[in-house]
Amino acid sequence: DTEVTQTPKHLVMGMTNKKSLKCEQHMGHRAMYWYKQKAKKPPELMFVYSYEKLSINESVPSRFSPECPNSSLLNLHLHALQPEDSALYLCASSQDGTQETQYFGPGTRLLVL
Amino acid sequence: GESVGLHLPTLSVQEGDNSIINCAYSNSASDYFIWYKQESGKGPQFIIDIRSNMDKRQGQRVTVLLNKTVKHLSLQIAATQPGDSAVYFCAEKQPGGGNKLTFGTGTQLKVEL
């Protein structure tokens, strides 16, 4: 089973709202990732967690705040977003931080008004 | 900077024909490559991978070829089916620490009946 689940599937929020995206995997993977994907563009890495510790932050604005409560869960907290943050947010996981094959979830389609 | 790119943004093929999707990379130190398929409204789906110590790897109806001399990667799909219609991304693992993937710009494959 190579399933990564993400909730919600769609999210509409105002620029003053606070919301969270959730990601879950039960493959025993110890590395999890957040990507942002704009329409007709490739995914862009945002954050990497390895063994529940943040290992990579690709200079993402502080209005995006990741959290890894345990090895199966990954959250992305959103606050004071801008319309240009509207995108598909993808979560992925891999066996650990050195195993390259990443398995992606279906994504959360975010619209910021 | 170094990047991974694709020669053709859109590829149209007849059902039953073979498809070839190309990818150029510029980082000679990259040692691992992945092909992903992304259907509309879904997350990227792992297709096949290859390490730099190999020239060819075959899966079910798919073959990946790696030419390190010219830094070229290709994905061959045999007997293309309508369900193969999607955007295909190559991804390159950046050398050094951390499991960072850099994605190519993507190729839209359209299968005509």
Side-chain angles (χ1 to χ4, degrees), chain A residues 1-7 9-10 21 23-25 27 29-51 53-60 74 87-110, chain B residues 1-6 8-10 21 23-25 27 29-54 57 59 64 66 73 86-110:
Chain A
D1 182 12
T2 57
E3 186 177 20
V4 177
T5 59
Q6 291 187 242
T7 56
K9 291 186 178 181
H10 301 275
L21 310 184
C23 174
E24 190 168 6
Q25 56 86 16
M27 296 178 279
H29 288 178
R30 302 309 301 270
M32 297 185 76
Y33 311 77
W34 280 116
Y35 287 82
K36 174 183 178 180
Q37 186 178 27
K38 302 285 276 185
K40 300 188 185 299
K41 297 291 186 181
E44 297 178 350
L45 183 66
M46 300 174 71
F47 303 104
V48 180
Y49 273 83
S50 181
Y51 291 88
K53 294 187 186 302
L54 183 65
S55 60
I56 296 177
N57 177 341
E58 290 289 277
S59 302
V60 179
L74 185 66
L88 180 68
Y89 288 85
L90 293 162
C91 174
S93 71
S94 65
Q95 189 169 349
D96 59 38
T98 62
Q99 294 297 311
E100 300 91 345
T101 306
Q102 295 178 24
Y103 298 93
F104 284 81
T108 293
R109 179 77 58 189
L110 174 67
Chain B
E2 300 185 305
S3 64
V4 179
L6 295 175
L8 296 173
T10 303
I21 301 172
C23 178
Y25 67 95
N27 190 340
S30 296
D31 59 1
Y32 180 72
F33 305 87
I34 307 176
W35 281 100
Y36 286 96
K37 171 187 179 183
Q38 188 172 23
E39 297 175 87
S40 180
K42 297 183 179 180
Q45 176 188 358
F46 171 84
I47 300 174
I48 192 168
D49 59 0
I50 189 168
R51 298 191 182 279
S52 59
N53 61 353
M54 302 173 68
R57 191 162 188 225
V64 56
L66 177 62
L73 190 70
V87 176
Y88 289 80
F89 292 102
C90 65
E92 169 186 20
K93 179 180 179 294
Q94 297 296 311
N99 192 9
K100 291 181 59 173
L101 291 180
T102 298
F103 284 77
T105 54
T107 293
Q108 174 77 57
L109 177 64
K110 296 184 178 180

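Since the model is a prediction, treat every value here as computed from it, not as a measurement. Sequence lines set the chain letters: A, B, ... in the order given, protein chains first and strands last, and positions in each chain run from 1.
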* Closest heavy-atom pair and its distance - A/L90, B/P44 ->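 For A/L90 and B/P44, the tightest heavy-atom pair comes out as CD1-CD, 3.7 Å.
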
* Which residues satisfy the ring pair (Phe, Tyr, Trp, His ring centres under 6.0 Å) test with B/Y36, sequence neighbours excluded? ->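 Applying ring pair (Phe, Tyr, Trp, His ring centres under 6.0 Å) to B/Y36 gives A/F104, B/F103.
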
* Asked: By a 4.5 Å heavy-atom criterion (distance strictly below it), what part of A/Q6 contacts chain B: side chain, backbone, both, or neither?
  ->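 Neither part.
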
* Under a 4.5 Å heavy-atom cut-off, does chain B meet the side chain of A/E58, its backbone, both or neither? ->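 Looking at A/E58, just its side chain touches chain B.
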
* So what's closer than 4.5 Å to chain A heavy atoms on B/Q38: side chain, backbone, both or neither? ->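 Side chain of B/Q38 only, per the 4.5 Å heavy-atom cut-off to chain A.
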
* Could you name each residue pair satisfying salt bridge (Lys or Arg N to Asp or Glu O under 4.0 Å) that touches residues 35-45 of chain B, not counting sequence neighbours? =>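 Salt bridge (Lys or Arg N to Asp or Glu O under 4.0 Å) check on residues 35-45 of chain B returns B/E39-B/K42.
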
* To do: To the nearest 0.5 Å, tell me how far B/T102 OG1 sits from A/E44 CD.
  =>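 CD of A/E44 is found 10.5 Å from OG1 of B/T102.
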
* Asked: Does B/Y32 reach the side chain of A/T101, with side-chain heavy atoms less than 4.5 Å apart?
  ->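 With C-beta onward as the side chain, the pair touches.
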
* Does atom NZ of A/K38 have more than 12 heavy-atom neighbours from other groups under 6.0 Å away? ->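 Correct, the count exceeds 12.
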
* Trace of the side chain to side chain contact (heavy atoms under 4.5 Å, CB included) decision for A/Y35 with B/L101 -> CA-CA 11 Å; A/Y35 287 82; B/L101 291 180; 4.0 Å; yes

* Enter the distance from B/I34:CD1 to A/Q102:CD here, rounded to the nearest 0.5 Å. =>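 CD of A/Q102 is found 6.5 Å from CD1 of B/I34.
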
